[in-house]
J.: 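One structure follows; several queries about it will come next.
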2 protein chains.
Amino acid sequence: MQQSVYSSPLKTACSACNLRELCLPIELSGSEMTRLDALVTRKTAYRRGANLYRCGEKFHSLYAIRSGFFKTQVLHEDGREQVTGFQMAGEIIGMDAISSDIHTCDAVALEDSEVCEIPFARLEELSREIPALQRHLHRILSREIVRDQGIMLLLGSMHAEERLAAFLLNLSQRFAARGYSPTAFQLRMTRQEIGSYLGLKLETVSRTLSQFQLRGLIRIQNKSLQFLDIAGLQALIKPH
Amino acid sequence: MQQSVYSSPLKTACSACNLRELCLPIELSGSEMTRLDALVTRKTAYRRGANLYRCGEKFHSLYAIRSGFFKTQVLHEDGREQVTGFQMAGEIIGMDAISSDIHTCDAVALEDSEVCEIPFARLEELSREIPALQRHLHRILSREIVRDQGIMLLLGSMHAEERLAAFLLNLSQRFAARGYSPTAFQLRMTRQEIGSYLGLKLETVSRTLSQFQLRGLIRIQNKSLQFLDIAGLQALIKPH
DNA sequence: CCCCAATTTTGACATATATCAAACATTGTG
DNA sequence: CACAATGTTTGATATATGTCAAAATTGGGG
């Protein structure tokens, strides 16, 4: 488990960020953007395996992922892990900690990554003064609630095949939204992590992916994934 | 499916509400409380079976449950329902709709209930002026995220027995927090609704509850539930 | 560059939960 | 008050996924 964290002296400018549309500063005027820029204090890099934060730590900041890929997980006392999400560039992470001022999960980089730190107290201050920012913060918090309820639905009422199909299509969409190919990319997580996220054992994940390949829906070799029949995958999710 | 909704002319006063500690106005000064009072416009009653809101409707307000019991659910095209939560007095409902301005689920009264309507645009306004209110709103949104992640954990990694035990203990705690007996109460929902919420079939719910009774953990007759061995139930949740 | 540790795949078998079915209980309503 | 609709329990059986195990593959570090 790497811990190395190195800080970049470069000032992060939201106004110049190519993730601006996905992230926090959406719909702000020029001067409002400048004030947000002043608040996002650091851009920090994390090596693969490094923790962005840990369960139990004091909450200070939200983090906007600038580049890379994270997972969030809850570790049980006995070592079992439950992955609660995979986060990619442009997404905001750490919102679960607002309610208690303590982080309720671990966030771990799945590849070398960079994040912008957003001190939450100052974000609250600024969002009192900039209604568009306030509104956007509320939307982001609510979007997280909607996302979680989607996963509840998946875990509560879908079969292994449907869960995997939904998972792959979700990743595809998110890569597409970031300008990457939606039909071919590298999985950043292990079968075990996928399984934990989807409430399945790693063997079931592996078998189901093999099945998909056999049926000509995808091509998967280890972590490289290619979609061959998106419509076919979508059809799997429809109520059986 | 009842639809009858009758409005009470009585002004709801947050400052006089016995749920104040559980609900929105926590930690406000007297004058701040008065301004919140002015915002919570109506107190409305819903008969059992009535919808507080429906999936697809335009979002205007959050609702604070004054008395009674609700469920939230997503209806699939084919008629399958997935229950996403059970809400009781003092809890705030409707937060999933903030992100898109459209309600993403149905909220249905499971018994005759009363709610306070909180127009969200005005709540945003007021929370820009009252930091304590802003902070509390953020905590409530975040608490919902944490709650959902707890359910993800339950659905993703627990067996039927553990899910039921966790569910019953959660209800017990919430009744206790409202001054009701934590060891004996009426279930407001059907086995089918419990099953939907927990990702189980109603038969499994019924069988597992019968099991619990056989082992002397609870006494259950239809909807009346009595806890006989809370420690025993808690032991069931611990990682096996 | 090679080797060790971690990850993935696949098979055989076990088991928890779903499915189907029937009897029974409860509730609300005319 | 009775009856129809709805909800609950229980049994027999089916099935999806988990468990255990072994071999194959991959990738990072010395």
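Order of the sequence lines sets the chain letters (A, B, ...), proteins ahead of strands, with each chain counted from 1.
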J.: Quantified as the angle between the terminal helix axes (five pairs each), what is the overall bend of the helix from dC1(C)-dG30(D) to dG30(C)-dC1(D) to 10 degrees?
T.: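 Helix axis angle between the two ends: 50°.
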J.: Would you kindly give the CG-to-C1' distance between L214(A) and dT10(C), to the nearest whole Å?
T.: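 The answer, rounded to whole Å, is 13 Å.
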J.: Please table the atom pairs, donor to acceptor, closer than 3.5 Å between any side-chain atom in residues 102-109 of chain B and protein atoms at least two apart or in another chain.
T.:
residue: T104(B); atom: OG1; partner: D96(B); partner atom: OD2; Å: 2.7
residue: D106(B); atom: OD1; partner: C55(B); partner atom: N; Å: 2.6

J.: Looking at R163(A), I'd like to know whether one of its side-chain N or O atoms comes within less than 4.0 Å of OP1 or OP2 on dT17(D).
T.: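 Result: no.
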J.: According to the ring pair (Phe, Tyr, Trp, His ring centres under 6.0 Å) rule, which pairs have a member within residues 205-227 of chain B, sequence neighbours left out?
T.: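 Sorted result for residues 205-227 of chain B: F185(B)-F227(B).
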J.: Separation of R188(B) atom CZ from dT27(C) atom P, in whole Å?
T.: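 Taking atom P of dT27(C) as the reference, CZ of R188(B) is at 14 Å.
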J.: Round to a whole Å and report the spacing from CD of Q192(A) to P of dT8(C).
T.: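 Value for this atom pair: 9 Å.
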J.: Distance check: side-chain N/O of R191(A) vs OP1/OP2 of dT7(C), anything under 4.0 Å?
T.: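 For dT7(C), neither OP1 nor OP2 has a side-chain N or O of R191(A) closer than 4.0 Å.
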J.: Suppose we screen for ring-ring contact (aromatic ring centres under 6.0 Å, His included). Which residues come up paired with F70(A), at least two apart in sequence or across chains?
T.: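 Expected list: none.
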J.: Rounded off to whole Å, could you give me the CD-to-P distance for the Q211(B) and dT17(C) pair?
T.: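 About 11 Å, once rounded to whole Å.
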J.: Indicate every side-chain donor-acceptor pair of residues 200-210 of chain A with a distance under 3.5 Å to a residue at least two apart or in another chain.
T.:
residue: T208(A); atom: OG1; partner: T204(A); partner atom: O; Å: 2.7
residue: S210(A); atom: OG; partner: S206(A); partner atom: O; Å: 3.0

J.: Using whole Å, report how far CD of Q186(B) lies from P of dT8(D).
T.: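 It works out to 12 Å between those atoms.
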J.: Rounded to the Å, how far apart are H159(B) NE2 and dA16(D) C1'?
T.: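 Checked: the NE2 to C1' distance equals 13 Å.
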J.: Do you know which two heavy atoms are closest between L171(B) and L187(B), and how far apart they sit?
T.: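 Scanning both residues completely, I find the closest heavy atoms to be CD1-CD2, 3.7 Å.
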J.: Please verify the inter-ring angle class for F175(A) with F69(A); under 30° counts as parallel, over 60° as perpendicular, anything in between as tilted.
T.: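 The rings of F175(A) and F69(A) lie parallel, inter-plane angle below 30°.
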J.: From CG of L200(B) over to P of dT9(D), roughly how many Å is that when rounded to an integer?
T.: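 It is 14 Å, rounded to the nearest whole Å.
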J.: For residues 201-210 of chain A, which residues have at least one heavy atom under 4.0 Å from DNA chain C?
T.: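 Nucleic-acid contacts, sorted: L202(A), E203(A), S206(A), R207(A), S210(A).
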J.: Measuring only between side-chain heavy atoms, which start at C-beta, is E117(B) closer than 4.5 Å to V115(B)?
T.: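 They are not in side-chain contact.
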J.: Apply the test side-chain contact (heavy atoms from CB on, under 4.5 Å) to residues V83(B) and Q192(B): give CA-CA distance (whole Å), side-chain angles for both, the deciding distance (0.1 Å), then the verdict.
T.: CA-CA 10 Å; V83(B) 172; Q192(B) 142 72 24; over 6 Å; no
J.: Given dT7(C), is OP1 or OP2 found less than 4.0 Å from the side-chain N or O atoms of K223(A)?
T.: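 So the side chain of K223(A) is outside the cut-off, no N or O lying under 4.0 Å from OP1 or OP2 of dT7(C).
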J.: Closest heavy-atom contact between I237(B) and E162(B)?
T.: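 Smallest interatomic distance, heavy atoms only, reads O-OE2, 3.9 Å.
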J.: Contact class for G195(B) (heavy atom, under 4.0 Å): base, sugar-phosphate, or nothing?
T.: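 The residue G195(B) makes no contact with any strand.
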J.: What is the separation between atom CG on L225(A) and atom P on dT8(C), rounded to the nearest whole Å?
T.: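 It works out to 13 Å between those atoms.
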J.: Between dT26(D) and Q221(A), is there an OP1 or OP2 to side-chain N/O distance shorter than 4.0 Å?
T.: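 Yes, because at least one side-chain N or O of Q221(A) sits under 4.0 Å from OP1 or OP2 of dT26(D).
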